[in-house]
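Have a look at the structure below before the remarks.
FYI, the numbering just counts along the sequence from 1. As the structure lists them, so they are numbered: ligands from 1, and atoms in each ligand from 1. Since the structure is predicted, the reported quantities are computational estimates derived from the model, not experimental observations.
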Amino acid sequence: MSLSPVLPDGWTLVALDSVGSTNDEAARLAEAGGSEGTIVWAREQTGGRGRRGRNWASPPGNLYSSTILRPACDAARATELGFVAALAVADIVPAGRKVRVKWPNDVMVDGGKVAGILLESSIAQGGLVEHVIAGIGVNVSIAPQLPEMRYPGAALGGSVGTALELLAQSLARRLSEWRHDGFGAVREAWLAKAGPLGADVDVRLGEELVSGCFAGLDREGALLLDTAAGRRRIVSGELLGRAA
Ligand code: BTN
């Protein structure tokens, strides 16, 4: 493909016309020794994957990228990278648009979902992370609707090449902050871009829907929810705005 974005020092681009899932291709490269900052980017995906076993519609026109990360941390900390990636996406939203991050890893623009993040990790015996694939899909020119969600899709506008270049730069910058300042700093930055504390939300936990007030994130990135039955700490689920 004829795209030569300016990447952070030491990062490399593997550009594909069409692939099943860029996450699978990046995982294959990581297993073969691919270094941190190897980005697999495809013009389209034929089997794009979302969180919780969903499909991720991937026609040409949006950004599909998966980056190999080698964070050298314990498995328990790998989820922190989802917040790092969400901030990196939030950084590239043009000024004048209203950007919010939504637990765990979504990025919303003007009330619609503009990006999704799928982290997939390989853990060595002993619990150290071998690699994390940070799969990031950004709606650039098409805003697929998400019938299973309570909100529409949104698109960034501009070109896929520009979005890729900006995203790689901001991901490198946010990763470096995480390494130097730790998750505490990432958490603060994420909370500053999240919905207000105390907002009424619903959280989908499998088949169960739990209602409460958003009470922030704990030090491991778990969602804190104040419910009628007391505070709950939620490590896996889907935060939904309150239905009208
Ligand atoms: C979500 O459900 O919100 C996460 C969507 C993640 C989609 C991206 S697109 C690039 C990468 N390859 C995939 O198959 N999925 C991720």
| message | If the threshold is 4.0 Å, N to carboxylate O, is there a salt bridge linking D17 and R43? | response | yes

| field | Presence of salt bridge, R28 and E31, under 4.0 angstrom | value | no

| field | Residue list, ring pair (Phe, Tyr, Trp, His ring centres under 6.0 Å) with W56, at least two apart or on another chain | value | none

Distances under 3.5 Å, N/O of ligand 1 against N/O of the protein: list each pair and its distance.
unit_1, atom_1, unit_2, atom_2, d
ligand 1, 2 (O), R51, N, 2.7
ligand 1, 3 (O), K113, NZ, 2.6
ligand 1, 12 (N), T22, OG1, 3.1
ligand 1, 12 (N), Q45, OE1, 2.9
ligand 1, 14 (O), S21, OG, 2.8
ligand 1, 14 (O), Q45, OE1, 3.4
ligand 1, 14 (O), R49, N, 2.7
ligand 1, 15 (N), R49, O, 2.7

| query | E238 pairs by side-chain contact (heavy atoms from CB on, under 4.5 Å) with which of L205, D106, V203? | reply | D106

| task | Could you tell me whether the side chains of Q45 and T22 share a donor-acceptor contact shorter than 3.5 Å? | result | yes

| Under the 3.5 angstrom rule, does the side chain of S66 hit a backbone N or O of G135 as a donor-acceptor pair? | no

